[in-house]
Amino acid sequence: MNDTIAAISTAQGVGAIAIIRVSGPEAISIVQNIFSNEKLSNAPTHTIHYGFIQESGKNVDEVLVSVMRGPKTFTTEDTVEINCHGGISSTKKVLELVLVHGARMAEPGEFTKRAFLNGRLDLQQAEGVMDLISASTENARNLAMNQVCGEVSKKIKELREDTVSLLTQIEVNIDYPEYEENIEVTHQMLLMKLFDLKEKMLDLLSKSEDGQLLKTGIKTAILGLPNVGKSSLLNILLNEEKAIVTDIEGTTRDTIEGSILLNSLQFNLIDTAGIRQTNDLVESLGVEKSKKLIDTADFILFLVNNNKELTKQEVELLKRIKQKEYLIVVNKIDLESVISLQDVDKKHIVRMSVKEGIGLEELKQKMVQPFFETVIGKDLTYLTNARSIALLKKAYEKVKEVEKQIDGKVPVDMLALDIREIWNDLGEIIGETYEEELVDELFSRFCLGK
């Protein structure tokens, strides 16, 4: 990290302004070599300077240059940002001159990686930066900001403090058994401490799984027999003709997807093939795909016909979807009612005419209700990526394993190694312990210039 890196930090394309970011020990001197204002080298930190980027004495672009001296910068290094006109040609030309005069082209995510390696951000905060860039809803933005501000890291650090406190007591007992004033760590004491640790982990895990729904959206499968109105429901929710609608059974043979926002929740809608017995190979593959979605979906909209009794197949499907959050959408209420749903709680039923748009607002309200208490809570301090959640689950399982060993009367001093592994797993979440290859892979997912 002794070299100086540069990249375009704004989106590629034509715009009013583009920013070229330069970071490293030679950032200021490199930009001074191509900047008309000679005061840049001695400029105070966090100041903006007007002038021209020049090549061989000729003006290339009129710019504003921001000077930020380390360590009070994003990377903690000297950083210069050149604000130039946002044309593709001029932006690339300015970057080219910066590179010609000694900077190296930054790798994707390298600015944030330097912020992590220089201690300004921990790994959770760095991942929060990436989440903030990709956030598509207000809740997802709030989640990401809690990561960037270190609120999520605080929870992990508290778990690590509980673990290291326990570990320290055990090791003091081992190293200094002659001191009578030391508190003896017994199996009973360990079980009590581990129970508290496990409960805190479990609470964070359950909330974090909800947090993933805020970040990535709620996977919503639209299921039902052929010709119940699934594709029409997708179209009316999206307010566009996304799926082809005909009176011919089996028109939808594969999944069709789209997303909507309801009360800052993103629902990722999936229109599926009508579930029925068929000899058509392509359609049968779509039917099997629809059935598998029951297991992987977060939410299910199950469409049935108001003017028909439930078939045996629909009854079986209803039993399966009750393990999930679901709504039964009784379609075609403009026709005579024949269907019976006495065994289903009314809160899970919406009656509507998809064709006429009747009941659409009620449907939207009921789609949000199951997630309002659990997902749209006041506390948005969750882990939101698979890597962190997997590590926390790993630590949680190790706590349970230590409890089993205690039941098996394994000596306390032998448990210290397993407790240290729990501490290391928690440290890996925030980057206190990490492998270089993991860090390289993680930051490679960032966009160029961030």
Side-chain angles (χ1 to χ4, degrees), residues 124 127-148 152 204-224 230-243 252 254-273 289-303 321 323-327 329 348 350 360-390 392-393 445-447:
Q124 270 299 301
E127 289 176 313
V129 171
M130 183 163 57
D131 290 346
L132 190 60
I133 293 170
S134 60
S136 57
T137 69
E138 181 67 8
N139 285 316
R141 184 191 66 77
N142 285 329
L143 272 173
M145 275 307 301
N146 275 338
Q147 282 186 266
V148 173
V152 179
L204 186 55
L205 276 172
S206 62
K207 289 179 178 178
S208 295
E209 288 174 357
D210 291 335
Q212 279 197 302
L213 297 182
L214 287 181
K215 177 185 172 184
T216 61
I218 298 164
K219 187 176 182 181
T220 305
I222 303 175
L223 298 178
K230 298 185 301 299
S231 296
S232 296
L233 180 62
L234 176 73
N235 288 342
I236 197 173
L237 282 169
L238 296 177
N239 197 27
E240 65 173 295
E241 296 298 315
K242 184 87 172 182
T252 303
D254 200 356
T255 57
I256 300 171
E257 303 180 14
S259 295
I260 58 170
L261 284 178
L262 300 175
N263 283 33
S264 294
L265 279 176
Q266 179 173 308
F267 287 83
N268 300 322
L269 305 172
I270 308 170
D271 177 24
T272 63
K289 196 172 181 180
S290 299
K291 290 179 179 178
K292 288 179 181 178
L293 270 173
I294 297 175
D295 299 322
T296 60
D298 303 309
F299 187 53
I300 292 172
L301 297 176
F302 184 44
L303 267 74
I321 68 171
Q323 308 302 317
K324 298 276 186 175
E325 292 288 355
Y326 73 96
L327 279 177
V329 180
H348 290 295
V350 177
L360 179 61
E361 291 307 312
E362 182 187 356
L363 172 64
K364 290 179 179 179
Q365 290 173 12
K366 285 198 171 185
M367 285 173 68
V368 171
Q369 284 174 1
F371 304 97
F372 196 82
E373 292 295 329
T374 57
V375 179
I376 315 179
K378 292 182 180 178
D379 179 14
L380 292 178
T381 312
Y382 313 141
L383 299 171
T384 58
N385 62 77
R387 182 195 71 87
S388 300
I389 293 173
L392 184 56
K393 284 181 177 178
R445 303 176 197 167
F446 279 62
C447 55

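Source: prediction; values computed, not measured.
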For a quick test of reading the model, state the closest non-hydrogen atom pair linking [X] to [Y] and the distance between them.
{"X": "I222", "Y": "K230", "answer": "O-CD, 3.6 Å"}
{"X": "K324", "Y": "I294", "answer": "CE-O, 2.9 Å"}
{"X": "F299", "Y": "I218", "answer": "CB-CG2, 3.8 Å"}
{"X": "D298", "Y": "E325", "answer": "O-CB, 3.9 Å"}
{"X": "L233", "Y": "L303", "answer": "CD2-CD1, 3.3 Å"}

side-chain contact (heavy atoms from CB on, under 4.5 Å) evaluation trace for L363 with M367: CA-CA 6 Å; L363 172 64; M367 285 173 68; 4.0 Å; yes
Only one of L301, L293, N268 forms a side-chain contact (heavy atoms from CB on, under 4.5 Å) with T220, so which one is it? L301
So, applying side-chain contact (heavy atoms from CB on, under 4.5 Å) with D271, which one of L237, L223, L234 is it? L234
Take I321 and H348, measure what side-chain contact (heavy atoms from CB on, under 4.5 Å) needs, and give me the verdict at the end. CA-CA 11 Å; I321 68 171; H348 290 295; over 6 Å; no
E127 side chain near V152 side chain, heavy-atom distance below 4.5 Å: no
Can you tell me how far [atom2] of [Y] sits from [atom1] of [X], rounded to the nearest 0.5 angstrom?
{"X": "E257", "Y": "L238", "atom1": "CD", "atom2": "CG", "answer": "11.0 Å"}
{"X": "S231", "Y": "I236", "atom1": "OG", "atom2": "CD1", "answer": "13.0 Å"}
{"X": "K219", "Y": "I300", "atom1": "NZ", "atom2": "CD1", "answer": "10.5 Å"}

